[in-house]
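The sequence lines fix the lettering, A, B, ..., with proteins before strands; numbering per chain opens at 1.
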Amino acid sequence: MSKRGQTTALNIYRLLLDTYGKQHWWPSDSPFEMMVGAILTQNTNWQNVEKAITQLKAADALDAQVMLDMDEAKLRELIRPSGFFRQKAARLRLFCHFYLKHGGESGIKDLKDPRRLLLSLNGIGPETADSMLLYALGMPVFVVDAYTRRIFARLGFTAADATYQDLQDYFHAQLERDAPLFNEFHALIVQHAKQHCRVKPVCQSCPLSIPCAFSSSNA
DNA sequence: GGCCAGGTGTAAA
DNA sequence: TTTACACATGGC
């Protein structure tokens, strides 16, 4: 491994891939399910999202038109385990309207500026929009999340108070614009963070050979 | 019982 | 332009 000053984001990617292997993201049966999951997972544990998606499937409600036709109260109950269910029910319906209006994921991908239009929807911010672009539409945009910010700040690569755009710019500058690479990298970041980069600054037996600011070997 | 989880919108300083 | 707060369930 190179010294810290020479270490790049790509080095970290290779290290994570060697450690964890391919992650096969995003877990979903369809682009629409993926995009629904992106909204449901906002500030929420993925396990809770799975409960909600399971309930939607069981009710034959994982469909844009069905979600628009049913009572919003019913939709709330189906997605309740994912938390913030009142907000998310409304956000899902706004998105479903958008989805049908533009002819599904293929129609959305053909828009002139799908990111800008997704961001114009209430309830879809940069991470949700970029997740959809990358994981449902296969577009090469890097997805930044709380784990990304935490890991790369602790490694000393980016500022702790960097904005979403700052972080995305950093990765876009460091890496080739490659959707499969961005797909795998983000998934690996999540996998790693869940095990070794929790909020409490205790990094035990971290597999990254580069000590971050909170790793036990660097404390 | 408290903390945390694959954010976002709004309002106030 | 930044900061604070509401939104809510479930696992540990």
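At a threshold of 4.5 Å between side-chain heavy atoms, the hydrophobic network of Ile, Leu, Val, Met, Phe, Trp and Tyr places F85(A) and V49(A) in one connected group. Hydrophobic cluster membership differs between M35(A) and L94(A), with clusters built from Ile, Leu, Val, Met, Phe, Trp and Tyr side chains linked at under 4.5 angstrom.
Of the listed residues (Y164(A), F152(A), F182(A), F157(A)), just one forms a ring pair (Phe, Tyr, Trp, His ring centres under 6.0 Å) with F171(A), and that residue is F152(A).
If you take atom P in dA6(C) and the same atom in dC3(B), they sit 15 Å apart, rounded to whole Å. Spacing of P atoms, dG10(C) relative to dT8(B), comes out at 22 Å, to the nearest Å.
No engagement by R149(A) is indicated, since no non-hydrogen atom pair under 4.0 Å with the nucleic acid exists.
The backbone N or O of K74(A) lies less than 3.5 Å from no partner atom in the side chain of D71(A), so there is not a single donor-acceptor pair.
Listed by residue number, the members of residues 113-131 of chain A with any heavy atom below 4.0 angstrom from DNA chain B are L121(A), N122(A), G123(A), I124(A), G125(A), P126(A), E127(A), T128(A). Within residues 179-192 of chain A, the residues that place at least one heavy atom under 4.0 Å from DNA chain B are, in residue-number order, V190(A).
The two residues L40(A) and A52(A) come nearest to each other via the heavy atoms CD1-CB, 4.1 Å. The two residues A64(A) and F32(A) have their closest heavy-atom pair at N-CZ, 3.4 Å.
F142(A) and H172(A) have perpendicular rings, their planes meeting at more than 60° on a 0 to 90° scale where under 30° would count as parallel.
The number of heavy-atom neighbours closer than 6.0 Å to CD of E176(A), taken from other residues, nucleotides and ligands shown, is 12 or below.
With 3.5 Å as the limit, one finds no donor-acceptor pair spanning the side chains of Q55(A) and R80(A). Side chains of Y20(A) and Q195(A): a donor-acceptor N/O pair is absent below 3.5 angstrom, by distance only.
The interatomic distance linking I39(A) (CD1) with dG7(B) (C1') rounds to 12 Å, in whole Å. One atom, CG of L94(A), and another, P of dG7(B), lie 20 Å apart when rounded to the nearest Å. For the pair Q195(A) CD and dA5(B) P, the interatomic distance rounds to 15 Å; values are reported in whole Å.
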| said: Counting primed atoms plus P, OP1 and OP2 as sugar-phosphate and everything else as base, spell out the protein contacts along nucleotides 6-12 of chain C at 4.0 Å heavy-atom distance: B, S or - for each nucleotide, 5' to 3'. | reply: -BBBSS-
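Atoms OG1 and CG, from T128(A) and L119(A) in turn, are 9.0 Å apart once rounded to the nearest 0.5 Å.
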